[in-house]
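Read the numbers this way: they start at 1 and go in the same order the structure lists the ligands and their atoms. Scope of the values below: all heavy atoms of this structure, side chains included, with no hydrogens, waters or symmetry mates.
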Amino acid sequence: MKRFSILIAALCLCLTGCGKQTTEATAQIFAMDTVMEVAAYGPKAEKAVQETEGQIKALENQLSRTKADSDVSRVNHNGTTPTTGLTYGTRALLPAALEYRDATNGAFDITIAPVMDAWGFTGDQFRVPEQSELNELLKHVNSDEIQVQEEPSYSVTLGEGQAIDLGGIAKGYTSDLVEQTFRANGIESGKISLGGNVFVLGGKPDGSDWRVGIKDPRNESGLAAILPLRDAYAITSGGYERYFEENGKTYHHIIDPTTGYPADSGLLSVTVVADANGPDQEWDQPGNGTMCDAFSTALFVMGEKQALDFWRNGGYDFDLVLVTEDGRVVITAGLADRFEEVKDSGYTYETVS
Ligand code: AMP
Ligand code: MG
């Protein structure tokens, strides 16, 4: 039986390889605290996947909060640009982080770092801080105090007592650069999943849409909805991704900057969907992957009503899938004609415009 399945696998490889003149390369990478899966199809698939792996490692080294020599750690340690300067990822991401902070009225704010530390989410020493401790730390949560100067030379200066955490956008930005890497290698069909962050280029090798599953926050192995997508980002934030329990209560890693507590807005997850950046994107610039990542975190903090207001009036082009605590899956108009319900998931489905 075993020999038989190996044969089948080899045969399939030959059929796709010879029949369509396309090669497949896949890899599983553990980075940024999550399992990442990449698949690319095309004559340069292997090179694309190798470069993607290199890209992910490079960005992790720049943006990590736990690596002592990352750009972010050095900025946090010095309160300002390290003498060695900053690498492209940090330079490009900081202005984007500040833009999204303003756009979301502070629901997304990278100066949440000291509060993340207090809860123990930066290492793994989880604890529930006193509200008085949080109130002290919250005084420093305000990105308006960060100064970024791009000319004549790039510099960043944090406010007194501040530290930054790019964990809410690092994976989205990474997916932006993976799109670039795929395109530079002529990949027409590819997919990367960085934890809950998905980017798909083109359709599947057989021409059909990629089917992106939205995890069921209430059931680890189930799905709440399926999105058939091509050339798109679909980035999810959910309290179920990282949390701890104490005295029967669950505390997760997405913090409401107004309270210092894990956001408790009635949402279980937020998925933000937007178009691929396309071939004209400047190679190191944040694009829709970064936007989706910032907004998935921010809209999870805001809750359903504010999130939908922001979708309607915020001035950015994206769609949403919200999974609510009371068992609904809310889908915005741009996805209404394509999302697929999951039978027996226990959710009711509604579309909004
Ligand atoms: P995500 O999974 O994209 O929602 O990102 C969650 C991560 O973003 C957390 O692990 C923190 O590193 C960071 N974070 C948590 N709360 C916020 C917030 N309100 N604004 C910006 N970043 C946050
Ligand atoms: Mg995010």
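For atom 16 (N) of ligand 1, the nearest non-hydrogen atom of the protein is I255 N, 3.1 Å. Of all protein heavy atoms, the one lying nearest to atom 4 (O) of ligand 1 is S237 OG, 2.6 Å. Nearest protein neighbour of atom 15 (C) of ligand 1, counting heavy atoms only, is H253 O, 3.3 Å.
Any N or O atom pair closer than 3.5 Å counts here, and M116 shares no such pair with ligand 1. Considering backbone and side-chain atoms together, S296 places no N or O closer than 3.5 Å to any N or O of ligand 1. Looking at G168 next to ligand 1, an N or O pair under 3.5 Å apart turns up. Residue contacts with ligand 1: D109 is placed with a nitrogen or oxygen under 3.5 Å of a nitrogen or oxygen of the ligand (distance criterion only).
Between T174 and A170, the closest heavy-atom pair is OG1-O, 2.7 Å. Contact record, S269 with T236: CB-CG2, 4.1 Å, taken as the closest heavy-atom pair. Nearest heavy atoms, R65 versus N76: NE-ND2, 3.7 Å.
Within a 6.0 Å radius of CG in D344, no more than 12 heavy atoms belonging to other residues, nucleotides or ligands are found.
Between the side chains of D319 and T332, at least one donor N or O sits under 3.5 Å from an acceptor N or O.
Aromatic pair F244/F121: centroids less than 6.0 angstrom apart. Ring centroids of W311 and Y316 are separated by 6.0 Å or more, keeping the two rings apart.
Of all the heavy atoms of P257, the ones lying under 4.0 Å from any atom of ligand 1 belong exclusively to the side chain. With a heavy-atom cut-off of 4.0 Å, R65 does not touch ligand 1 at all. At a 4.0 Å heavy-atom cut-off, ligand 1 does not touch K171 at all. Contact annotation: for I112 versus ligand 1, heavy atoms closer than 4.0 Å belong to the side chain alone.
Ring orientation note: the planes of W119 and Y251 are tilted relative to one another, at an angle of 30° to 60°. Note on ring orientation: taking the six-membered ring where Trp is involved, the planes of F300 and H252 are perpendicular (angle over 60°, cut-offs 30° and 60°).
Below 4.0 Å from some heavy atom of D165 lie the following atoms of ligand 1, by number and element: 11 (C), 12 (O). Near A107, meaning under 4.0 Å from one of its heavy atoms, ligand 1 places the atoms 18 (C), 19 (N), 20 (N). Near E241, the atoms of ligand 1 lying under 4.0 angstrom from a non-hydrogen atom of the residue are 2 (O).
The OD1 atom of D293 and the O atom of G168 meet at the Mg ion (ligand 2) at an angle of about 80°, given to 10°.
For residue K171, no N/O/S atom approaches the Mg ion (ligand 2) to within less than 2.8 Å. Distance check for T297 against the Mg ion (ligand 2): an N/O/S atom falls below 2.8 Å.
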Exercise for the section: Take D124 and R242 through the salt bridge (charged side-chain N to carboxylate O under 4.0 Å, His left out) test and state the conclusion after the steps. Expected result: CA-CA 11 Å; D124 274 324; R242 194 158 147 73; 3.3 Å; yes
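With respect to L137, the side-chain contact (heavy atoms from CB on, under 4.5 Å) criterion is satisfied by exactly one of V115, T111, D117: V115.
Residue F108 places a heavy atom less than 4.0 Å from ligand 1.
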